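Every value quoted in this text rests on a predicted model; they were computed, and no experiment measured them. Keep in mind that the numbers below use all heavy atoms, side chains included, and drop hydrogens, waters and symmetry copies.
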Amino acid sequence: MSRVKTEEEEYWHGSKFKAFTFDDDDDELYQLKESKRAVNSLKAIVDEEDDEGERFTWSGEPVGSISWSIQETASNARAGTETREHRPTADTSSYAYSKIGSANALSNLFKVKSRTSSFQALSDVLLDTNMKSLAPELRKPKSEYQDYSGDWSIEDTVRRLQKGKSCSMERFRALKEKLQLLDEAVGLHDGNVITAVLIFLKKTLNSEVLFRELERRQVALRHFIHFLRETEEQQLLMDLFRFLDRAEELAICKYREHLNISSAEERRDFLKTKCISLPFSQEDASHVQDHYTLLERQIIIEANDRHLESTGQDQMFRKYPRKASLIFMPLVTTLFYSCIYHYTEGEGTFSSPSNIRKTFKIPEKLYILTALAARAKLKAWSDVDALFTTKNWLGYTKKRAPVGFHRVVEILHRNGAPAQVLQDYIRLVEDAETKVALATRYKCHEVVIDTYRDLKDRQQLMVYRCKVERGSPEEDKIDMILSNTQIRWKN
C-alpha cells in the first residue's frame, strides 16, 4: 500500500506536459497522446486496487459469476441496438472507447473499499468520450487573428486599403478628415486606393463640394472622370463638366447619349437637333456632321433596298440576298455594301459608291481596297481590272495600284481568283524578290521562270528546274532558256 501511495503522490505532484509558448506547434496529435498516457497511468493504479477488493452488483451477485456474465451480455446487446438506431454512422474510435467504458461501468462504481472508488470514478470520466474534454484549449498565435477594429488613423486606413484589407471609412465624418484621406491616397500613387476613397466621398459629400475640392486636385479629378465614364454615370459626368466649364467635353458627353436611342429615325433627329449645334472642336464637329449625314443616307438606302428585295425587281438581291440591315453600320461597311449592290449606279444617287466616296472624302487607298474586296467577292474580274487601269495624256493604258500589287494579289487569292488572273497581277509586282516569293507560293511557275531569265540567274533557274514536274511544259521551257546561247548569264 505504501508503494501505491508513493506513486500517487509522484503522479499528482509531477507533470509530463511542458509550458505553452507561441512558438510551439499546434500539434493536437501530441496532446492526445499525452492525455492517453495519463489515463493509462490512472487505470494501472486502479487495476492494482481492484485486485485487493471484491466487487458486487445491485442484486448482490459477485462480479465475474455466470449469472452476472449473462446479464451483462444482454445489457450490452440492448445498448448496442439502441445506439445503432439513434446513431447509425457512429465513429469507429468512439465505439471502441464506449466498449471499454461499458465493461467496467457499474462494476467499477461499487467496490468494497471506498478509497479506491474515487480513483475508478475519475478514470471513467476520462474514458467517457461523450463528455466534454477537460483539457485546456490552447490559444492560436496572434498572426492567425484578424483585427476588425475600426479605430484607425487616416494613414493606417489608406495603407490597409493599399494592402487589400477590409477597412471602414465611415468614421471620418468631418470634411477636413475626408480631404486628408483623399490627399493621403493620392500621395501613395495607387489608383485603386484613390478610386475607393473617391467612391466614399461621392456617397458622403454634396456634388458641388466634391467638384470644388476635386478641381484643386487634378490627379484625383482625372481618376474620378475615368470612374464615371467606366460606370456610365453620364448625368453626374455632365454636371462635373458643366461645373468645370469644359464645353467640349460636355458636348462629347451629350453626344454619347445617342447610343441609348434604338430607333434610327429618333437617333437621326437627336443628332440633328441636339448635337450638331453643340460647341465641339472643329474636327469633332465634322465627325458629328458626317455621322448625321451617314445615318440619314442609310435610312434612305435601307428603305429603297428593302422594297426592291421584297418585290424581287433587282437581280442582285435575288442572287446575293442581304444578310443584315445597313442601319447603324460604319462608313466602310456602307461603302462595301454600295460596291456590292449599287456599283454601276451613277454619281447622282445616294447609294452610288462614287457619291459616298465624294461626300465623305474617303481616301483613294481605302476606296480601292474596299471596292477590290467587294468586286473580287462577286468574281467580277473585269471590274477589278478597271479599278487599276489608268490612261495617260497620250491615251496609253497602264495599271497602277496605290496600295501595292502584292496586296492586290493577296486579296484576289483570298477570294478564289483564277490562276491566270493571279499570274497577271504578280507580274505587276516591281520587287523581283517579292515577285518570286508570291509566284512560288501560288505556284505560278511561268512568272518564276521569266523572272530568273530576266535576272540572268542561271544557277537559280537550274535549282528551280528540280522543283517542277518531270516532262512538264515548265521543264521544257527551262531547258530551252538554258540552251539559249544569246543570254549572257551572270553566274
Side-chain angles (χ1 to χ4, degrees), residues 143 145-261 267 270-271 274-291 330:
S143 60
Y145 284 93
Q146 184 176 2
D147 197 341
Y148 291 98
S149 174
D151 191 14
W152 298 100
S153 65
I154 293 177
E155 294 78 7
D156 293 337
T157 300
V158 172
R159 278 158 181 78
R160 284 179 64 85
L161 290 174
Q162 188 181 29
K163 295 178 181 179
K165 296 183 179 181
S166 59
C167 186
S168 175
M169 292 180 279
E170 299 296 333
R171 62 181 299 272
F172 303 110
R173 298 186 178 182
L175 176 61
K176 182 179 179 181
E177 293 178 333
K178 295 178 181 179
L179 296 179
Q180 290 177 355
L181 189 66
L182 178 60
D183 294 335
E184 188 69 22
V186 172
L188 286 180
H189 306 287
D190 191 319
N192 293 331
V193 178
I194 296 174
T195 304
V197 175
L198 287 173
I199 294 174
F200 168 67
L201 297 183
K202 173 176 169 288
K203 294 179 180 178
T204 57
L205 290 181
N206 180 272
S207 297
E208 293 185 3
V209 176
L210 177 61
F211 297 162
R212 184 179 66 250
E213 298 299 334
L214 289 178
E215 188 177 11
R216 303 169 184 172
R217 299 166 174 83
Q218 292 299 313
V219 175
L221 177 62
R222 289 195 295 270
H223 278 80
F224 191 62
I225 292 174
H226 179 74
F227 168 75
L228 294 180
R229 283 173 175 168
E230 290 294 321
T231 55
E232 298 183 355
E233 298 184 48
Q234 293 295 323
Q235 187 58 47
L236 185 58
L237 185 60
M238 291 172 61
D239 294 341
L240 175 60
F241 287 144
R242 193 176 292 110
F243 178 86
L244 298 174
D245 196 21
R246 296 187 180 183
E248 293 183 7
E249 293 180 274
L250 177 62
I252 294 176
C253 191
K254 182 68 175 177
Y255 167 72
R256 288 177 59 86
E257 291 185 0
H258 81 274
L259 298 174
N260 301 323
I261 303 175
R267 183 179 295 190
F270 176 83
L271 292 173
K274 297 184 179 181
C275 292
I276 293 179
S277 59
L278 291 176
F280 292 101
S281 63
Q282 184 176 0
E283 183 179 1
D284 291 338
S286 175
H287 291 326
V288 174
Q289 180 64 48
D290 288 343
H291 186 184

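For Ala185 against Val158, the heavy-atom pair with the smallest separation is CA-CG1, 4.0 Å. Closest approach of Leu250 to Met238, counting heavy atoms only: CD1-O, 3.5 Å. Shown here for Ala196 and Met169, the closest heavy-atom pair between the two residues is O-CE, 3.8 Å. Closest approach of Asp284 and Ser281 over heavy atoms only: OD2-OG, 3.1 Å. The nearest pair of heavy atoms linking Ser166 to Arg160 is O-NH2, 3.1 Å.
Side-chain contact annotation: Glu233 with Thr231, donor-acceptor N/O pair under 3.5 Å present.
In this structure, the side chains of Phe227 and Ile199 come closer than 4.5 Å at one or more pairs of heavy atoms. In this structure the side chain of Leu161 never reaches within 4.5 angstrom of the side chain of Asp190, judged on heavy atoms. The shortest distance between side-chain heavy atoms of Glu177 and Leu181 does not fall below 4.5 Å. Looking at Lys165 and Arg159, their side chains never come closer than 4.5 Å, going by heavy atoms from C-beta outward. Residues Arg217 and Leu179 form a side-chain contact, since some pair of their non-hydrogen atoms from C-beta on lies under 4.5 Å apart.
Looking at Gln218, its side chain does come within 3.5 Å of a backbone N or O of Glu215 through a donor-acceptor pair. Judged purely by atom type and a 3.5 angstrom limit, Arg267 uses its side chain to pair as donor or acceptor with the backbone of His258.
Expressed to the nearest 0.5 Å, how far CG of Leu214 lies from CG of Leu198 amounts to 6.0 Å. The CG atom of Leu182 sits 7.5 Å away from the CD1 atom of Ile194 when rounded to the nearest 0.5 Å. Taking CD of Gln180 as the start and CG of Leu175 as the end, the distance is 10.0 Å to the nearest 0.5 Å. With values rounded to the nearest 0.5 angstrom, Glu232 atom CD is found 9.0 Å from Leu259 atom CG. Taking CG of Leu240 as the start and CG of Leu210 as the end, the distance is 8.0 Å to the nearest 0.5 Å. Atom CD of residue Glu184 and atom CG of residue Asp156 lie 9.5 Å apart, to the nearest 0.5 angstrom.
The pair Asp239-Arg242 meets the salt-bridge criterion, since a charged nitrogen lies less than 4.0 angstrom from a carboxylate oxygen.
Among residues at least two apart or in separate chains, side-chain hydrogen bond (donor to acceptor under 3.5 Å, both in side chains) pairs with a member in residues 243-255 are Arg246-Glu249, Lys254-Glu257, Tyr255-His291.
Annotation for Arg256: atom CZ does not count as buried by contact number, only 12 or fewer foreign heavy atoms lying within 6.0 Å.
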Review item, side-chain donor-acceptor pairs of residues 200-209, under 3.5 Å, at least two apart:
residue: Thr204; atom: OG1; partner: Lys178; partner atom: NZ; Å: 3.3
residue: Thr204; atom: OG1; partner: Phe200; partner atom: O; Å: 2.8
residue: Asn206; atom: OD1; partner: Glu208; partner atom: N; Å: 2.9

